[in-house]
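Structure, as structure tokens:
Note on naming: letters A, B, ... go to the chains in the order of the sequence lines (proteins, then strands), and numbering restarts at 1 for each one.
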Protein chains: 2
Amino acid sequence: MEPPIPCSDCPLRPLAAFKPVGPTALAAISGAKVGQRLCTSGATILAEDQATTRVYVLLSGWAFRFKTLEDGRRQILNFLLPGDLLGLQGELLANLPHGVEALTAVNLCAFATDAIPGFFRDNPDIALDITWLAAHEERLVDDAVLTVGRRTAMERVAALLVHLYKRAASAGLVEDGSIGFPLTQLHIADALGLSVVHTNRVLQRLRKGGFIRLDGQRLAIGDLRAMRRVGRYWEEPAPRRPLL
Amino acid sequence: MEPPIPCSDCPLRPLAAFKPVGPTALAAISGAKVGQRLCTSGATILAEDQATTRVYVLLSGWAFRFKTLEDGRRQILNFLLPGDLLGLQGELLANLPHGVEALTAVNLCAFATDAIPGFFRDNPDIALDITWLAAHEERLVDDAVLTVGRRTAMERVAALLVHLYKRAASAGLVEDGSIGFPLTQLHIADALGLSVVHTNRVLQRLRKGGFIRLDGQRLAIGDLRAMRRVGRYWEEPAPRRPLL
DNA sequence: CGTTGATTTGAGTAAGATCAAGTCGGGTGG
DNA sequence: CCACCCGACTTGATCTTACTCAAATCAACG
């Protein structure tokens with residue numbers, strides 16, 4: 001339970017993955033911030049189909065967005081890593097069309113939802129950044145549709161692992177060739193439209209083929225090139241992204 | 001090949017589905033418009049992975065966004081109907097991560113991509129509308145992930161047909177209980193992650209069950225309630241949406 | 001008529017789901 | 001310390017959904 005971090009000391013901003021921000025924009029962001037929020041692993045950050053009063057930036061930890069069918073079938077839409085914005089759809093659309101759940105303990109930077117129209121009025125650069133982030137997230141979901149709709153189970157798992165590894169890497173989370181990996185096999189299954197059992201078997205094939213090391217809570221990818229080939233997954237190099 | 005329609009006479013704006021727009025915003029939009037573009041059915045409106053110079057609003061006709069794997073497997077991400085914005089991701093991200101193809105003859109209203117930053121600078125209401133449209137499209141794609149990942153083939157087809165029927169309806173395209181329906185079974189299959197053959201059989205089941213009438217180019221849904229039940233598909237009532 | 005695109009039908013198959021146990025490791029309480 | 005519980009992971013057996021391949025039909029069109 002650390003004290004709130006001032007935006008000027010944000011641990012994320014120095015990372016190469018993020019676009020530098022000017023002093024006026026930083027002041028505007030800092031001024032709109034209304035606090036921080038901590039969630040424990042497994043907590044519901046935002047409930048499905050609910051009106052929201054906050055928009056958050058993920059400071060640390062992992063989370064995911066999901067939707068469920070009334071009979072309980074769950075689909076994970078995408079994963080959220082440090083720097084990601086969440087809850088924007090709740091502000092723009094009437095209410096949030098999906099839920100958000102924490103995968104690990106999570107530290108969130110909170111903004112009042114009415115800060116958004118404020119940014120658009122007074123700070124076009126930030127407004128454009130917000131729209132950029134929205135477009136970027138849509139790109140991720142577009143990829144998810146392609147993966148779930150047209151890739152084989154093996155391709156899906158490989159593509160997801162590469163994708164998450166690279167994102168974790170650009171958030172500075174690699175330690176001696178591996179990342180902390182908080183997903184259970186059920187999460188992988190729910191993200192990829194597979195059953196847990198089948199997911200388990202595919203993971204074993206990847207392990208036995210020497211493509212990955214995945215024990216307990218850490219993931220290492222031996223040969224990234226090979227994994228990309230298995231997953232038929234080539235994403236363009238990540239551009240420097242804005243950080244709210 | 002009609003002459004360009006001035007924004008003030010836009011045939012879409014009077015529809016109840018669209019949010020009214022003030023005179024200054026209308027003037028700004030009108031001023032940014034650089035022309036119209038006609039495409040024939042089947043034409044590529046925007047190519048995959050390409051830098052773009054234009055953003056379009058679909059004035060009339062149907063189109064779809066898609067991605068392909070290098071071996072030819074194609075996934076349709078969502079369908080575009082009159083009033084939809086396309087090409088925004090090409091402006092914000094470096095280049096367009098998906099292709100856009102016309103399903104019917106299509107009439108597009110063109111804006112130079114650099115009109116977007118201009119809107120953000122000078123016209124916060126329009127900027128917010130653009131972001132709203134982006135968030136709304138993401139919602140559609142989120143739904144697509146849920147459909148493809150967790151619904152059965154029967155549910156997928158039923159949900160898609162209801163979805164498209166309702167959207168066509170709100171674009172004013174219903175004529176005596178049916179809509180013009182330009183998708184082939186291959187399009188349906190590619191949108192839903194199914195094979196054409198299986199799609200065909202599911203459609204036949206829906207027809208024989210009396211749920212739909214789908215002959216050649218027209219779709220009618222007998223009992224919408226029943227179809228929603230089959231598809232496990234309940235969307236929230238469509239809000240009035242902005243039109244660029 | 002011949003061609004072409006869309007749809008339909010049949011037969012065989014494979015990918016992945018379901019069901020049912022069983023293992024393993026890390027708490028927790030007695 | 002040990003029994004036990006619980007969640008995550010594994011494994012095997014069986015089954016089903018939806019895919020593949022192949023071919024026929026059908027309508028529109030030049």
Quick note, salt bridge (Lys or Arg N to Asp or Glu O under 4.0 Å) partners involving residues 52-69 of chain A, not counting sequence neighbours, are A/Arg65-A/Glu137, A/Arg65-B/Glu138, A/Arg65-B/Asp142, A/Lys67-B/Asp143
If the threshold is 4.0 Å, N to carboxylate O, is there a salt bridge linking B/Arg139 and B/Glu235? no
In residues 186-201 of chain A, what residues come within less than 4.0 Å of DNA chain C, judged by heavy atoms? A/Gly193, A/Leu194, A/Ser195, A/Val197, A/His198, A/Arg201
Positions of residues 144-163 of chain A (non-hydrogen atom under 4.0 Å from DNA chain C), listed by number: A/Thr152, A/Ala153
Nt span of DNA chain D in reach of chain B heavy atoms at under 4.0 Å, 5' end first, is D/dA18 to D/dC21
How about A/Phe181 and A/Ile188: do any of their side-chain heavy atoms sit closer than 4.5 Å? yes
Counting only heavy atoms not in A/Arg213 (residues, nucleotides, ligands), do more than 12 fall under 6.0 Å from its CZ? no
Axis-to-axis angle for the helix from C/dC1-D/dG30 to C/dG30-D/dC1, ends of five pairs each, to 10°, equals 30°
Please figure out whether B/Arg205 or A/Leu183 has its closest DNA chain D nucleotide nearer the 5' end. A/Leu183
Residues in ring-ring contact (aromatic ring centres under 6.0 Å, His included) with B/His163, at least two apart? none
Within a strict 4.5 Å, meaning less than it, do heavy atoms of the B/Leu80 and B/Phe64 side chains meet? no
Lys/Arg N to Asp/Glu carboxylate O, B/Arg73 vs B/Asp71, below 4.0 Å: yes
B/Leu160 and B/Tyr233, any side-chain heavy atoms less than 4.5 Å apart: no
A/Phe66 and A/His98: CA distance, side-chain angles, deciding distance, ring-ring contact (aromatic ring centres under 6.0 Å, His included) verdict: CA-CA 6 Å; A/Phe66 66 95; A/His98 59 258; 8.2 Å; no
Positional range of nucleotides in DNA chain C within the contact set of chain A, heavy-atom, under 4.0 Å: C/dG16 to C/dC19
Pairing residues for B/Thr68 by the side-chain hydrogen bond (donor to acceptor under 3.5 Å, both in side chains) criterion, not counting sequence neighbours: B/Glu48
side-chain hydrogen bond (donor to acceptor under 3.5 Å, both in side chains) with B/Gln75: which residues, sequence neighbours excluded? none
For residues 156-182 of chain A, the salt bridge (Lys or Arg N to Asp or Glu O under 4.0 Å) pairs (sequence neighbours left out) are A/Asp84-A/Arg167
By side-chain hydrogen bond (donor to acceptor under 3.5 Å, both in side chains) - contacts of A/Asp190 (at least two apart): A/Arg74, B/Arg150
Listed pairs under 3.5 Å, donor-acceptor, residues 203-210 of chain B side chains, sequence neighbours left out:
from: B/Gln204; atom 1: NE2; to: B/Asn200; atom 2: OD1; distance (Å): 2.2
from: B/Arg207; atom 1: NH1; to: B/Leu214; atom 2: O; distance (Å): 2.6

Donor-acceptor side-chain pairing of A/Ser195 and A/His198 below 3.5 angstrom: no
